[in-house]
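This report refers to the structure that appears directly beneath it.
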Amino acid sequence: MKRNWWKWLLGVVVLIGISWPAYTWSRANIRTMKNAGRTRMAPVIMVPGSSASQNRFDSLIKELGKETPQKHSVLKLTVATDGSIKYSGSIRRNDYEPFIVVGFENNKDGKANIDKQAVWLNTAFKDLVKTYRFNHFRALGHSNGGLIWTLFLERYLKESPKVSIDRFMTIASPYNMESTSTTPSTDMYKELYKYREGLPNSLTMYSIAGTENYTSDGTVPYNSVNAGKYIFQNQIKHFTEITVTGANTTHSDLPQNKQIVALIRQYLLEENVPNKIRKQNQRRLQNQ
Amino acid sequence: MVGRFMQRLQRFDTAVAQQRYFRTIRDTLTLLFPFVLVGAYINVLNQALFQKNGFLNRIYYLSHWVPGFKYMAQYTGMLSIGVNDIIAVIAAFAVANFVVRATNRDNLMAGLTAAVSFVMLNVNFAIFNDQGDNTSSKFLEGNLGSQGIFLAVLVGVITGWLFSKLAFKPHEHQLLETRTHLLMRAKNNLLPMVITLGLFSAIGFGVSFISQMGLNGLFYTAFKLPFGKISHIMITIFLATLLSNFFWLIGIIGPIGFSGNGSVTTVQNLAYALQHGSAWGAPNPITLHTVFDAFANVGGAGMTLALVIAILWKSRNQDFRLVAKMSWFPTLFNFNQPLLVGLPILYSPLLAIPFLLAPMASMLITWIALKLSWMPPVAYPIYRTMPGFLTGWLGTGGDWHALVISILNLVVSTAIYLPFILINNRLTTGEVTSDEA
């Protein structure tokens with residue numbers, strides 16, 4: 001035992017040498033976290049179309065993951081009809097641009113359902129803001145998901161006054177439902193048009209249409225997507241409509257279509273994309 | 001009763017140790033030990049010292065005053081990639097080598113074949129996509145590190161078996177190799193070599209259609225399945241930890257491991273604690289994070305810091321003492337890989353029992369303390385490299401009760417490990433020959 005006393009002493013010194021700075025650091029850390037108040041986080045929130053679950057964007061996220069330099073973590077929410085929320089997945093620490101997919105237990109088509117889904121989106125959105133304390137975000141909607149987002153932006157975003165939207169992209173969203181008419185007149189369109197003044201003025205928005213023939217992408221008529229411009233014109237800062245046609249432009253293939261993935265990277269995520277993709281995207285814009 | 005059980009366990013452990021493939025695996029692990037040990041010290045440097053979230057960096061603010069911090073981070077990162085991230089390739093080589101040596105066939109050839117076969121299972125098929133840019137790697141490096149040990153052992157055993165069966169002529173070691181003899185070796189081993197490579201390349205190719213991350217990725221997806229939904233109910237957390245620690249024992253390192261600060265419940269806890277100025281009454285007191293990460297992971301999975309204490313205190317097995325003396329430092333920062341392969345804990349029936357029991361006991365104590373509201377849950381961020389016995393204290397924002405619970409957990413875990421160390425003492429003093437052949 002005699003020869004061991006200095007080992008014990010050394011141990012105690014090391015223990016204190018670690019514990020005390022650790023304690024002071026942890027107090028200081030908690031203080032800075034409290035004062036910082038907000039995170040650098042700006043999530044990308046995605047809403048799938050009707051009859052699609054919270055897993056709708058898996059292949060798109062995989063496509064994006066292959067290309068993008070930073071890995072995005074994925075959080076999925078399912079909102080039940082009573083407004084309760086189920087979470088799956090998680091947001092990695094230090095991931096400032098996570099993907100959040102909001103799905104609905106009742107994901108049926110039709111105006112009445114879309115109205116409800118916009119309310120549920122608001123419930124989920126408020127919960128997300130409360131938990132992750134971000135104050136700006138990007139939004140992506142496929143098909144009816146774009147309509148849900150539009151309604152949300154028009155009517156409910158005001159309820160989170162501190163939060164603003166950076167960019168908004170819809171993929172094949174039927175602003176005039178299934179109607180092929182060039183003069184939009186469905187109830188859904190009328191509602192979106194009625195509340196259009198609620199849209200945030202500073203919004204930059206892209207509406208992507210897919211076509212596999214003269215009139216539609218197989219599900220959504222081109223004219224219905226095109227009707228979106230009447231809602232957004234004169235209300236927001238930038239509105240751009242892009243038509244994608246080529247391989248894999250069937251309605252349900254659109255989110256993982258390579259061209260659209262490239263458009264998402266450049267316009268929604270504002271990534272520093274390689275010149276090759278930039279040129280390809282520009283050519284498409286010029287050909288409009 | 002207990003005495004009889006202990007005796008039986010002792011005999012079982014000896015019997016297993018004499019089993020051929022088991023012995024081979026244990027020999028391999030011991031051979032890996034120096035590499036893993038160096039790797040663990042590198043990990044301490046890289047992850048605890050020179051990384052933003054490293055514990056020592058955080059508490060001593062190293063990045064503010066150490067010159068060239070960024071370069072040191074890169075350099076130690078390089079060391080870590082170079083040593084830790086290819087450990088499984090070495091394991092595949094060593095297992096096949098030891099299996100074949102026992103049957104008197106060409107062990108060097110078998111080892112090399114196993115290493116190549118293992119790498120073949122981990123080719124990144126994404127590079128064959130026409131979209132693939134040049135930045136993605138040709139191999140799935142993630143599978144070549146300690147995560148791949150289980151698969152590497154499997155590949156090594158199969159390769160070794162194939163060589164033992166298919167190489168007809170026994171191998172003669174020569175002190176001076178001649179060209180003729182080397183060519184003879186090539187001729188004698190061509191059949192098993194081609195068959196082994198053919199087998200594993202076919203498997204690797206087949207798997208690439210199912211899984212982007214190779215066979216190992218498939219394994220991990222399968223082994224992660226039971227952990228998809230870990231609710232707040234204590235029993236599921238218990239079972240998940242038990243299963244996860246069992247996977248550790250067979251070389252599948254950490255399907256759930258350290259769950260980190262990212263999950264929704266944890267963020268909610270943090271938000272609550274920041275708003276209210278204390279962790280008391282946080283919305284999710286019992287989660288994998290608050291119970292397992294913070295209190296049952298002291299020194300890494302299996303409460304291995306307790307094992308180090310038990311060995312240094314009571315063990316008379318010189319091998320154990322040597323390994324423990326060399327490994328206690330990384331274990332402080334929760335890197336227990338040297339112990340896993342050095343003692344070894346992996347594939348050891350004797351140490352498996354306390355390895356599974358100690359975290360269970362710790363979680364039970366923690367759970368009771370939380371249920372009785374004797375301490376607040378861990379709500380503030382904790383880091384992987386935080387010394388385990390301080391995590392509870394720091395994660396609750398410096399609550400002394402949590403520190404007491406952590407120390408209690410450590411004491412109880414040491415008590416759980418101790419009887420098994422005593423059995424091992426009897427093994428080493430009683431029958432030296434059978435253990436150390």
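We name chains A, B, ... by the order of the sequence lines, and we start the count at 1 in each one.
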Those residues at least two apart in sequence (or on a different chain) that pass salt bridge (charged side-chain N to carboxylate O under 4.0 Å, His left out) with D166(A) are none
Can you tell me if K158(A) has over 12 outside heavy atoms packed within less than 6.0 Å of its NZ? yes
Compare all side-chain heavy atoms of Y380(B) with those of S26(A) and state whether any distance is below 4.5 angstrom. no
Review point. Do L390(B) and I18(A) come close enough that some side-chain heavy atom pair is under 4.5 Å?
Key: yes
One should read off an interatomic distance between L270(B) CG and T131(A) OG1, to the nearest 0.5 angstrom, of 11.0 Å
Interatomic distance, CG@N29(A) vs CD1@I59(B), rounded to 0.5 Å, equals 12.5 Å
Shortest non-hydrogen pair, P21(A) vs Y60(B), comes out as CG-CE2, 3.6 Å
Discussion item. If you take the centroid of each ring, where Trp contributes its six-membered ring, are Y23(A) and W393(B) closer together than 6.0 Å?
Written reply: yes
Whatever's closer than 4.5 Å to a heavy atom in chain A on Y272(B) counts as neither
Honestly, the part of L403(B) sitting under 4.5 Å from a heavy atom of chain A is neither
Okay, L15(A) and chain B: the region with an atom under 4.5 Å from a heavy atom over there is side chain
Residues passing the side-chain contact (heavy atoms from CB on, under 4.5 Å) test with V207(B), sequence neighbours excluded, are I203(B), S211(B), L215(B), L218(B)
Is a side-chain N or O of R58(B) found less than 3.5 angstrom from the main chain of W25(A), in a donor-acceptor match? no
